[in-house]
Amino acid sequence: MREVIRLESVKKYYEVRSGLLGSKTLKALDGVTLSVGMRETVSVVGESGCGKSTLGRVSIRLLDVTSGRVLFKGVDISKMKEEELREQSFRKKMQIIFQDPYSSLNPFMRLGEIVAEPLEIHGYGKEEIRESVSRALEDVKLVPPEEFVNRYPHELSGGQRQRVNIARALVLGPEYIVADEPVSMIDASSRAEILLLLKSIRDQRGMGVLYITHDIATARYVSERIAVMYLGEIAETGLTTSVLKTPIHPYTILLLNSVPEPDPNNRRRRRLVIKGEPPSPLNPPSGCKFHTRCPIAMERCRAERPVLREYLPGHFAACHRAEEIISGAVSVA
Ligand code: SF4
């Protein structure tokens, strides 16, 4: 599969003031390697603060990297200046859909104007703008488009507003889209629809999608591959089917076990809660960053950082006890 985006050993560090004693380094991303193919969705899953949104923003150069490379179809864009990104059309080819469908739309603009704005910024002509807006609204099923172009955001439901955001992201014909928790703020009944819509648009247009979510259950339905992140690192990654069927990293196992079954009366429902809050990324634990919450941590885990290794075909995990977990010699949950 042809890659549209590739991150190589990407680090994103921030210097944060810390009391009178100077500054500390916040390692939002600490050496992440990940790719997204054309017509592929990769889910990035983790708790808030794990670095997943930073990863999305770095991948479209909304944030600069501290080190490492970001490649768009093989071209290193990590050091490109803003003008170059625009001139070479990378800005058009990479778009983001934000989480909040309420605050991301200007309440004083009509939908037609909202969707047309990116085209105007890029200097498109009137006729082209009219056609592209119409096509984007049709793609997100706000039909017939002529009925929607004159409406204002307050006249729409949360799900419809998120469709407008998607149309706005699509209108420049991107090849890669970051969808940052696109359904977490809309009502449950519209979530599946929006996710299916994204998937069908991806297939029609042949785009790559990075789907960022805290909810591993939704990742199951939309993505071919999953990357589970913990404190700025990838703990486990592989084909969605393999990661969900045979999770290796204790963090993934606990995440999966804490997903409630749909039926609240189901007695067999498993509800394991991962103990404690994630540690501060300003002061991450030594060795394996998950050792403070891992039920099977051992001495080596506190001292030595595990590296990602392939344990099953195309399925990688960073855990010293991966082999024992796979063989069943040790159980996490
Ligand atoms: Fe747990 Fe150790 Fe594996 Fe980290 S390396 S996840 S602490 S067993």
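Reckoned from all heavy atoms, side chains included, excluding hydrogens, waters and symmetry mates. Whatever order the structure lists them in is the order used to number ligands and atoms, beginning at 1.
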Residue, atom name and distance, where the atom is the protein heavy atom closest to [atom]:
atom: atom 5 (S) of ligand 1; value: His320 N, 3.3 Å
atom: atom 2 (Fe) of ligand 1; value: Cys301 SG, 2.3 Å
atom: atom 3 (Fe) of ligand 1; value: Cys319 SG, 2.3 Å

Examine the proximity of ligand 1 to His249 and report which part, side chain or backbone, both or neither, has a heavy atom under 4.0 Å away.
->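 For His249, only side-chain atoms sit under 4.0 Å from ligand 1.
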Return yes when at least one N/O/S atom of Cys294 is nearer than 2.8 Å to atom 3 (Fe) of ligand 1, and no when none is.
->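 Of the N, O and S atoms in Cys294, none lies under 2.8 Å from atom 3 (Fe) of ligand 1, which means no.
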Just checking, Arg293 and Phe290: is the charged tip under 6.0 Å from the six-membered ring centre and within 45° of the axis?
->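 The answer is no, since Arg293 fails at least one limit relative to Phe290.
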Has Lys12 got its NZ or CZ under 6.0 Å from the middle of the six-membered ring of Tyr14, at an angle within 45 degrees of the ring axis?
->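 Relative to the ring axis of Tyr14, which defines the angle, Lys12 lies inside both limits.
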Salt bridge (charged side-chain N to carboxylate O under 4.0 Å, His left out) partner of Asp139, the single match among Arg163, Arg202, Arg205 |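 For Asp139, the salt bridge (charged side-chain N to carboxylate O under 4.0 Å, His left out) check succeeds only for Arg205.
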Got a second to check how far Leu198's CG is from Met207's CE, nearest 0.5 Å?
->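 Reported value, rounded in 0.5 Å steps: 7.0 Å.
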Give a yes or no on whether the backbone of Ile114 and the side-chain of Arg168 come within a donor-acceptor separation of less than 3.5 Å.
->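 Yes, Arg168 side chain to Ile114 backbone: donor-acceptor pair under 3.5 Å.
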Check whether any N, O or S atom of Cys288 sits under 2.8 Å from atom 4 (Fe) of ligand 1.
->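 Within the cut-off used here (under 2.8 Å), Cys288 does place an N, O or S atom near atom 4 (Fe) of ligand 1.
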